[in-house]
Number of protein chains: 2
Amino acid sequence: MRQNQARRAALLDAAIDVLAREGARGLTFRAVDAQAGVPGGTASNYFANRDDLLTQAGTHVYERLTPDPETMARSLEGPRDREKVLQLMHEVVGRVSAYRAGYLALLELRLEATRRPGLRAVLTPRIRKDVDDNVDYHLSSGLPGDATAVTLLYLAMNWLIVERLTLPDVFGEEQARELVERAVERLIPEV
Amino acid sequence: MRQNQARRAALLDAAIDVLAREGARGLTFRAVDAQAGVPGGTASNYFANRDDLLTQAGTHVYERLTPDPETMARSLEGPRDREKVLQLMHEVVGRVSAYRAGYLALLELRLEATRRPGLRAVLTPRIRKDVDDNVDYHLSSGLPGDATAVTLLYLAMNWLIVERLTLPDVFGEEQARELVERAVERLIPEV
DNA sequence: AACGTAGTACTACATCTGGAGTGGTGTCAA
DNA sequence: TTGACACCACTCCAGATGTAGTACTACGTT
């Protein structure tokens, strides 16, 4: 088992791309090698088996999905009102939709977790933490809306992103924008 | 190409089960044969290729997911108030979660649609129609809440189901129930 | 400066697996 | 008798895996 951490990370990035592009069906060691631009057989030297690869990819996606602290700080500038929440939601939906590969890979991993207890054990606390962090962040930053409101927003926004990424013509871009606005409008109190 | 419709339907049912259990990765002609309990090579005689199989499965899932008219009529008995909406939501979430294979298969198909234009072309109008039907049904039956409210409920409930089916420990059963209640409470006006 | 060693990169191979498709035969019903 | 279908068996093929063997690089030793 090789120890080059930079290369391992590159392979995991490649694995995420492959997951998104080819699906769990296409995630093979050789496909990862090709995507990462390394010689065939390399991934075999870095991961014991498919399960190992998937599990590590699972923890890795989140490191790419979370925004850098700077962006987060900047997004909080100005008054903490409903308008700000709307702005944040647009930002989140935009950011996640933009990292298409990451989000799609995460969906693939969720489905794969259905049959792999090891993967499920990795993803569950990670996502649980994500939800909690979202709520905590929202509450502690003094934005309007309670924990329930934030959670409901989380649910709605996630599915909206799924729709946009998988069947973009079900809700057009304009309609998607409007749904974000309506969701905030109805779930977040106007101070 | 064989014409036996009953057998074709049975093969499609089997395909849905395979999709849910093994994922898109596992959906092969032979796996469908095995699941349907027919001799190897049968599915080859009924579907031209993988793409054909997936597309037909896509249209087929919905026939299994939609509730029978009788159930729907019965669920509307009594006063048309917010309490009734809540009851309907519990019913929907329960019914869909119960048909685990169908819903998971649909998710797999959504992801597969990402790479198969033909499948996307089949799923998009089907799901668009589903959303519209939900809204129309709600409005025309005189339940409280406008089109926006129904759509937002649709979004939130869908993701809640995803959470429950893929990572059941992120939201426990009790918490899921409560989220359904809160969603109705906040999105549907009290007459 | 020459040498040795360890860890890694790269190449190539041998093997394995499983699925696809098809031809042939049996069966049943019109 | 004929046609459509069910069933079985066989061949072919593609892709994935893991590893043995070789080359390279960096670093430490003498």
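Chain letters run A, B, ... following the sequence lines, proteins first, then strands; residues in each count from 1.
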Practice task
Anything under 30° is parallel, anything over 60° is perpendicular, the rest tilted; go ahead and classify B:Trp159 against A:Trp159.
Solution key: tilted

Handout entry: Protein-nucleotide distance (B:Asp52, atom CG; C:dG21, atom C1'), rounded to Å
Key = 15 Å

Completion exercise
Distance col, row B:Glu163:CD vs B:Gln175:CD, nearest 0.5 angstrom, shows 10.0 Å

Practice task
Would you mind building the protein contact string for nucleotides 4-19 of chain C? One character per nucleotide, 5' to 3', B for base within reach (heavy atoms under 4.0 Å), S for sugar-phosphate only, - for untouched.
Solution key: ----SBSB-------S

Exercise for the section: Could you tell me the separation between the CG atom of B:Leu53 and the C1' atom of C:dA20, rounded to a whole number of Å? Expected result: 13 Å

Handout entry: Flag side-chain contact, heavy atom, 4.5 Å: A:Thr59 against A:Arg126
Key = no

Exercise for the section: Kindly compute the distance separating CG (A:Leu106) from CG (A:Leu123), expressed to the nearest 0.5 Å. Expected result: 6.5 Å

Exercise for the section: May I ask you to decide whether A:Arg21 forms a salt bridge with A:Asp17, counting only side-chain N to carboxylate O separations under 4.0 Å? Expected result: no

Handout entry: Exercise: do B:Gln56 and B:Tyr46 side chains pair donor with acceptor under 3.5 Å
Key = no

Practice task
Could you tell me the separation between the CZ atom of B:Arg110 and the CG atom of B:Leu119, rounded to the nearest 0.5 Å?
Solution key: 11.0 Å

Practice task
Return the value, rounded to whole Å, for the distance between atom CZ of A:Phe47 and atom C1' of D:dT17.
Solution key: 16 Å

Fill in the blank from the handout: From CD of A:Gln35 across to P of D:dA16 the rounded distance in Å is 14 Å

Practice task
Report yes if a side-chain nitrogen or oxygen of B:Ser44 is closer than 4.0 Å to either non-bridging phosphate oxygen (OP1 or OP2) of C:dA20; otherwise report no.
Solution key: no

Handout entry: Nucleic acid contacts - residues 8-25 of chain A versus DNA chain D, non-hydrogen atoms under 4.0 Å
Key = none

Exercise for the section: Considering only NZ, NE, NH1 and NH2 on the basic side and carboxylate oxygens on the acidic side, decide whether B:Arg177 and B:Glu174 come within less than 4.0 Å. Expected result: no

